[in-house]
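See structure below.
So that the names make sense, note that chain A is the first sequence line, chain B the second, and so on, each numbered from 1.
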2 protein chains.
Amino acid sequence: MPFFTISTFNANSVRSRLQILERWLIKNPVDVLCLQETKVSDDQFPASAFDSWGYHVFFRGRKAYAGVAIACQGEPNEIIYGFPDGKDGKDDDRLMIARFDDLWVINTYVPQGKSIDHPDYRYKKDFFRRFLDLLESEFKADDKIIWVGDMNVAPEEKDVTKPETKRNHVCFHEEIRDIFDTVKSWGFVDVFRKHHPEEGQYTFWDYRVKNALERNIGWRVDHILATPSVADRSVDCYIDREPRSWEKPSDHTFLVGIFDL
Amino acid sequence: MPFFTISTFNANSVRSRLQILERWLIKNPVDVLCLQETKVSDDQFPASAFDSWGYHVFFRGRKAYAGVAIACQGEPNEIIYGFPDGKDGKDDDRLMIARFDDLWVINTYVPQGKSIDHPDYRYKKDFFRRFLDLLESEFKADDKIIWVGDMNVAPEEKDVTKPETKRNHVCFHEEIRDIFDTVKSWGFVDVFRKHHPEEGQYTFWDYRVKNALERNIGWRVDHILATPSVADRSVDCYIDREPRSWEKPSDHTFLVGIFDL
DNA sequence: GGAACAATTG
DNA sequence: CAATTGTTCC
């Protein structure tokens with residue numbers, strides 16, 4: 001049986017990233033690709049492009065902000081959008097779940113939060129708390145779950161450049177790292193870190209920082225996590241920096257996980 | 001001695017058209033290429049692209065509107081920008097003249113005019129009257145002159161689709177056709193019409209008309225005219241429709257004139 | 001429809 | 001820097 005491969009990519013507009021996506025998928029066929037920040041309403045989603053590349057695609061989005069999608073070569077058994085708590089109904093484009101037999105794939109685009117004193121940061125913390133509620137009410141830690149996405153949290157000092165300058169940042173503040181850690185403690189292993197303990201392994205390089213990629217000034221905010229039964233079977237997990245250097249790049253790049261399920 | 005080849009092309013932003021220009025010039029090297037609607041200020045003009053294609057380039061423009069350029073493989077003896085009347089100084093990016101020994105090349109981007117009752121239409125008519133003044137004061141009809149550009153006039157019924165629906169259009173109104181005809185009567189031959197009397201020969205297809213090119217719903221508003229001594233030596237003059245079908249096209253295409261000078 | 005502009009966001 | 005939503009122009 002071949003390996004199960006999964007990737008996560010914050011596209012920063014899926015319509016602006018079709019060339020990148022096509023080029024990457026040709027070289028890197030995966031079973032499942034999870035996208036964030038598709039920034040497109042469902043009626044405008046470029047589904048036919050994914051069709052032509054041989055992928056089914058499921059998506060939930062609105063114009064200009066957020067939006068998630070899952071593209072996959074096999075048929076999922078079910079797709080679930082948003083939190084079951086259904087609170088304000090605005091998060092159905094930030095969280096989606098696909099089931100492939102007994103394997104659950106959860107794709108999240110966690111709110112960034114703007115600044116510590118901004119209401120959006122409150123909302124970010126709530127997002128993680130509601131996500132933990134979801135785990136506790138709907139799953140067990142011995143279920144087979146892969147949780148991927150842009151979590152907008154750099155968990156450790158080595159996951160950012162100059163951590164001392166970022167203590168007050170919504171993606172690195174001690175409080176949000178603690179909250180993310182609490183969610184992980186429910187039962188997730190950081191699959192990337194299992195294979196790559198090195199520092200300076202980033203998935204996001206700000207467009208505004210010049211030569212950010214060459215200077216490697218970035219953040220590790222995109223993650224692949226898995227429950228132990230799945231994580232135990234991970235073969236590799238790596239960041240493909242290359243697409244960040246291609247024409248018309250996203251500010252994020254692809255993170256890939258390979259599992260011997 | 002090889003033929004003298006000249007082309008005119010409304011680029012609708014020269015910076016957005018570099019790929020089209022490169023691709024076309026590789027297949028169609030010309031002695032002189034006249035551009036209109038470059039839509040770029042002089043400090044932003046992509047001169048190095050023309051350099052790399054083996055052309056000298058001269059230009060006068062402002063941001064967002066109008067702008068003309070002449071690219072040529074040989075060195076011109078002189079370049080003149082704007083009307084000598086210098087009125088309001090705003091037309092120096094709508095008219096330029098290059099001299100190659102005893103051959104004058106005049107490149108114009110005639111104002112479109114918006115609508116018959118708009119002040120811009122008055123300005124369009126003035127443009128032609130001032131152009132006639134220029135001819136009368138600076139040239140003789142036995143000079144060797146090639147006048148090219150986007151004239152924003154379709155001279156005859158056969159130069160538009162459904163002429164009966166366009167009688168009130170600023171590019172087809174009887175008044176503007178009469179004015180254009182008066183200017184031509186100073187001493188120009190329509191070189192394209194000398195070789196191609198057929199109807200439905202267009203140089204412009206509106207982006208907003210869907211499948212305009214396939215349905216051939218367009219306008220012949222770009223022209224190559226010449227004084228008799230030059231026109232007598234024209235070998236061919238044709239519209240190259242192909243670039244209108246390429247990726248990221250202008251709404252106009254290239255008109256080419258070949259002369260045995 | 002596709003260029004440009006300006007303003008806003010991350 | 002590169003997306004977005006608007007507007008205007010042809």
Check: So among A:Phe83, A:Phe180, A:Tyr123, which one has a ring-ring contact (aromatic ring centres under 6.0 Å, His included) with A:Phe128?
Finding: A:Phe180
Notebook entry, point to check: Expressed in angstrom and rounded to an integer, what is the separation of A:Lys63 atom NZ from C:dT9 atom P?
Noted result: 15 Å
Check: In whole angstroms, how far is the C1' atom of C:dG10 from the CH2 atom of A:Trp219?
Finding: 12 Å
Margin query: Can you tell me which nucleotide in D:dC10, D:dT4, C:dA4 comes closest to the side chain of B:Arg208?
Written below: D:dC10
Notebook entry, point to check: In terms of side-chain heavy atoms, does B:Asn10 have a donor or acceptor partner in B:Glu37 at a distance below 3.5 Å?
Noted result: yes
Margin query: Categorize B:Lys210 for me: base, sugar-phosphate, or nothing, with a 4.0 angstrom heavy-atom threshold over every strand shown.
Written below: nothing
Check: What's the closest nucleotide to the A:Ser16 side chain, out of D:dG6, C:dA3, D:dT4?
Finding: D:dT4
Item checked: Separation of atom NE2 in B:His252 from atom C1' in C:dG2, rounded to whole Å -> 12 Å
Next item on the list: Return the value, rounded to whole Å, for the distance between atom CG of B:Leu213 and atom P of C:dG1.
Entry: 15 Å
Check: Out of D:dT5, C:dA6, C:dA4, which nucleotide sits closest to the side chain of B:Ser13?
Finding: C:dA4
Margin query: Any side-chain N or O of A:Arg17 below 4.0 angstrom from OP1/OP2 of D:dA2?
Written below: no
Notebook entry, point to check: For A:Asp206 and A:Ala64, take the nucleotide of DNA chain D holding the closest heavy atom to each; which residue's nucleotide lies nearer the 5' end?
Noted result: A:Asp206
Checklist line | Nearest-Å distance for atom pair CZ/P, residues B:Phe204 and C:dG1 | finding: 14 Å
Next item on the list: Assess whether salt bridge (charged side-chain N to carboxylate O under 4.0 Å, His left out) is satisfied between B:Lys124 and B:Asp120, documenting all intermediate values.
Entry: CA-CA 6 Å; B:Lys124 179 180 192 170; B:Asp120 284 10; over 6 Å; no
Notebook entry, point to check: Side chain of B:Gln112: nearest nucleotide among C:dG1, D:dT4, D:dC10?
Noted result: D:dC10
Next item on the list: Round to a whole Å and report the spacing from CG of A:Asn152 to P of C:dT9.
Entry: 17 Å
Margin query: Rounded to whole Å, please give me the gap between NZ in B:Lys248 and C1' in C:dA3.
Written below: 9 Å
Item checked: 5' priority, DNA chain D, between A:Tyr207 and A:Arg15 [closest heavy atom] -> A:Tyr207
Check: If you round to the nearest 0.5 Å, how far is CG of A:Leu225 from OG1 of A:Thr8?
Finding: 10.0 Å
Check: Counting side-chain heavy atoms from CB outward, which of C:dT9, D:dC10, D:dA2 is closest to A:Lys114?
Finding: C:dT9
Note to self: Whether the B:Asn107 and B:Gln36 side chains hold a donor-acceptor pair (N or O, under 3.5 Å, no angle test) is what I'd like checked.
What the structure shows: yes
Margin query: From CZ of B:Arg62 over to P of C:dA3, roughly how many Å is that when rounded to an integer?
Written below: 20 Å
